[in-house]
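First up is the structure itself, then whatever we jot down about it.
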Protein chains: 2
Amino acid sequence: MTPQKKVLDFIGSSKATKTHCSTCSLNALCLPIALEDDDLDTLDKVIKRGRPIQKGEMLFKQGDDFHAIYAIRTGAIKSFTVAPSGEEQITGFHLASEITGLSGYSEDVYPLSAKALETTTVCELPLDKLEVLCDEISGLRKQIMRNMGSEIRQDQQMMLQLSKKSADERLAYFLLELSGRFERRGFSPKSFRLSMSRVDISNYLGLAVETVSRIFTRFQKNELIATEGKEITILNMQELNSLAGNPNLNSECVAQHQ
Amino acid sequence: MTPQKKVLDFIGSSKATKTHCSTCSLNALCLPIALEDDDLDTLDKVIKRGRPIQKGEMLFKQGDDFHAIYAIRTGAIKSFTVAPSGEEQITGFHLASEITGLSGYSEDVYPLSAKALETTTVCELPLDKLEVLCDEISGLRKQIMRNMGSEIRQDQQMMLQLSKKSADERLAYFLLELSGRFERRGFSPKSFRLSMSRVDISNYLGLAVETVSRIFTRFQKNELIATEGKEITILNMQELNSLAGNPNLNSECVAQHQ
DNA sequence: TTCGAAAATTGACATAGATCAATATTTGAA
DNA sequence: TTCAAATATTGATCTATGTCAATTTTCGAA
């Protein structure tokens with residue numbers, strides 16, 4: 001595995017750091033190329049590090065001019081579209097180290113809004129500067145396209161969940177998917193913070209709040225998970241996985257014939 | 001509105017044509033820049049125009065190496081993922097003039113399969129050549145990213161449909177969305193070919209075949225649509241629109257206070 | 001043109017999860 | 001610390017749509 005420079009580590013620091021990651025996170029802006037120091041400096045000049053965004057504040061709004069993409073340094077945000085009828089649909093949650101705003105590429109305005117779920121700090125990558133950089137640094141272009149590809153893949157995965165899976169399967173999938181993202185960020189996949197409300201979760205999963213709440217309690221009764229405030233602990237990963245319809249995802253040694 | 005060169009018109013012909021389109025289709029590779037003749041020649045050398053693909057044949061398969069994106073010249077294809085559990089989920093239909101295979105950018109293999117719904121001809125744009133071209137022609141890169149952005153937007157729209165809308169609303173939305181795509185291709189939005197089966201439609205919309213079938217008959221009884229073989233005619237666009245939850249989408253003159 | 005298989009339609013019934021309603025718990029501002 | 005508002009949980013129904021089953025229609029090969 002080629003060492004990869006994590007641009008986000010760089011973005012996160014005021015000076016260029018040269019951390020490497022062995023596996024590339026689905027959504028992080030990991031570059032499969034080594035950036036020259038010059039390029040790092042250029043990038044540094046381009047990045048805007050703004051004030052923290054408070055819980056409930058908007059990062060950008062549906063219909064705003066598409067002027068930047070954002071790398072999240074700390075915190076979490078939710079993205080959602082609002083239909084002409086007024087219905088809101090949460091299209092995704094973004095955690096630290098992930099990129100948001102990419103769908104703006106569709107037509108020069110953001111087709112969705114992004115709101116902070118907790119106090120959040122971001123790096124703004126202004127589009128005009130990024131455009132120039134993309135032409136200069138071919139690897140950067142590739143990596144942004146890779147990120148967009150991942151978002152497409154993730155959304156299509158979600159379509160499958162929404163159209164084919166039961167409520168139990170959806171919640172199990174949701175928790176495991178989150179868990180995996182924390183793991184890739186180097187945190188424990190067993191215990192993490194659920195910064196979104198039950199309403200947000202139910203909206204995202206296409207279920208009623210009551211249904212989600214009921215399943216949470218049942219999962220706890222069955223000792224699949226434990227919750228304490230916003231913290232959640234996954235007690236039985238194996239079982240949760242099979243519930244989610246992934247017979248043996250995280251199992252290292254479930255050897256079976258055939 | 002700036003005249004835009006339709007690369008697909010070019011791709012469709014053996015010699016460079018210079019057609020323009022006034023409005024840019026959501027998914028077509030319309031360039032908002034004018035290509036130089038040199039660039040057109042370069043592009044011409046890159047494009048592979050293969051044998052027609054017969055109904056039921058695969059264009060590419062989930063897990064195949066990501067080596068090309070495809071512009072559809074004639075015909076129609078469906079894209080679908082198959083979950084570890086074996087369930088299939090159709091993630092989209094692609095008609096002539098649209099681009100498919102973009103989600104391959106996520107991780108060097110196609111995360112989904114594409115199968116022809118009828119005899120289909122495509123232009124293959126090999127990735128390696130395209131990469132080089134993207135570096136040379138900045139507008140090309142932008143346009144491909146725009147296409148990816150549109151796909152994200154479309155998928156997220158679909159998430160809303162799948163998680164919030166009733167069966168009636170979904171089918172109405174589906175028909176209108178298709179209609180719109182035909183219109184943008186310069187065909188009648190009122191009468192077009194439904195090349196996908198009821199099973200395909202139901203799978204895509206997250207419904208049972210029986211439900212879709214029932215709604216088709218009901219829509220016909222209510223004189224919203226008429227079908228004859230694979231041809232469908234939209235009789236009452238207005239009503240269908242309000243059913244789909246878009247109170248006044250195509251209405252030019254539904255002026256209302258507020 | 002005919003025939004068998006695949007696709008579509010229609011009907012009867014079952015159920016997962018929505019909805020409505022009441023209560024409990026958490027949060028955060030004073 | 002206290003209290004009101006927001007959020008979450010639990011219970012009792014109701015319903016849209018899935019499932020199973022039986023025709024009917026369409027399609028494509030011989």
Side-chain angles (χ1 to χ4, degrees), chain A residues 54-57 78 87-90 115-119 160-175 193-222 225-232 243-245, chain B residues 54-57 78 87-90 115-119 161-175 193-222 225-232 243 245:
Chain A
Q54 294 307 313
K55 180 175 175 171
E57 262 185 77
K78 65 172 174 183
E87 290 150 303
E88 277 186 25
Q89 167 68 28
I90 294 180
K115 184 183 271 188
L117 290 170
E118 49 189 285
T119 306
L160 190 141
Q161 291 293 321
L162 291 173
S163 80
K164 301 271 177 323
K165 304 289 186 155
S166 73
D168 280 22
E169 289 172 316
R170 290 186 211 182
L171 191 60
Y173 167 83
F174 172 71
L175 295 175
R193 188 180 159 77
L194 272 184
S195 36
M196 61 294 289
S197 71
R198 294 286 190 269
V199 175
D200 283 342
I201 296 174
S202 65
N203 179 301
Y204 180 59
L205 297 177
L207 301 167
V209 213
E210 294 92 331
T211 305
V212 169
S213 185
R214 275 184 252 271
I215 300 176
F216 260 106
T217 21
R218 186 151 40 76
F219 278 7
Q220 288 186 79
K221 279 209 188 98
N222 300 351
I225 60 170
T227 60
E228 167 121 23
K230 296 248 155 198
E231 290 293 314
I232 182 170
L243 251 179
Chain B
Q54 295 306 314
K55 179 174 177 175
E57 263 184 78
K78 64 173 174 183
E87 289 150 306
E88 275 186 26
Q89 167 68 28
I90 294 180
K115 185 184 270 188
L117 290 170
E118 49 189 286
T119 306
Q161 291 293 320
L162 291 174
S163 81
K164 300 269 175 325
K165 304 289 186 156
S166 72
D168 280 23
E169 289 172 316
R170 290 186 211 181
L171 191 60
Y173 167 84
F174 172 72
L175 295 175
R193 186 180 159 79
L194 272 185
S195 37
M196 61 294 287
S197 71
R198 295 285 191 271
V199 175
D200 283 342
I201 296 173
S202 64
N203 179 302
Y204 179 59
L205 297 177
L207 300 168
V209 213
E210 294 91 331
T211 306
V212 169
S213 185
R214 276 185 252 270
I215 300 177
F216 260 106
T217 20
R218 186 152 40 76
F219 278 7
Q220 288 188 77
K221 279 209 188 96
N222 299 352
I225 59 169
T227 60
E228 167 122 21
K230 296 248 155 196
E231 290 294 313
I232 182 171
L243 251 179

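Order of the sequence lines fixes the chain letters, A, B, ..., with proteins taken first and strands second; residue numbering starts at 1 for each chain.
- In this structure, of D/dG18, D/dT10, D/dA8, it is D/dA8 that holds the atom nearest to the side chain of A/V199.
- Distance, B/E231 CD to D/dC27 P: 12 Å, rounded to whole Å.
- Using a 4.0 Å heavy-atom criterion, one finds that B/S197 contacts the sugar-phosphate atoms exclusively.
- Protein chain B contacts DNA chain C over a range whose 5' and 3' limits, counting nucleotides with an atom under 4.0 angstrom from a non-hydrogen atom, are C/dA8 to C/dA12.
- Between the two ends of the helix from C/dT1-D/dA30 to C/dA30-D/dT1, each summarised by a five-pair axis, the helix axis turns through 60° (rounded to 10 degrees).
- Counting heavy atoms from C-beta outward, A/L205 and A/T211 have side chains that stay 4.5 Å or more apart.
- Between A/R218 atom CZ and D/dG11 atom C1' there is a gap of 15 Å when expressed in whole angstrom units.
- Nucleotide D/dA29 holds its C1' atom 16 Å from the CD atom of B/Q54, rounded to whole Å.
- If B/K55 and B/R170 are placed on DNA chain D by their nearest nucleotide, the residue sitting closer to the 5' end is B/R170.
- For the ring-ring contact (aromatic ring centres under 6.0 Å, His included) test, no residue two or more places apart in sequence or in another chain qualifies with B/F219.
- Side chains of B/Q89 and B/N203 form a contact here, defined as non-hydrogen atoms less than 4.5 Å apart.
- The CE atom of A/M196 sits 16 Å away from the C1' atom of D/dA8 (whole-angstrom rounding).
- Comparing atom distances between the A/T217 side chain and each of D/dT7, D/dT9, D/dT19 picks out D/dT9 as nearest.
- Not one N or O on the side chain of B/R193 forms a donor-acceptor pair closer than 3.5 Å with the backbone of B/K230.
- At a threshold of 4.0 angstrom between heavy atoms, the contacts of B/A167 are confined to the sugar-phosphate backbone, with no base atom among them.
- Taking every side-chain heavy atom of B/E210 into account, D/dC20 is the closest of D/dT10, D/dC20, D/dT9.
- If you measure from atom CD1 of A/I215 to atom P of D/dT10, you get 13 Å, rounded to the nearest angstrom.
- Rounded to whole Å, atom P of D/dA8 lies 13 Å from atom CD1 of A/I232.
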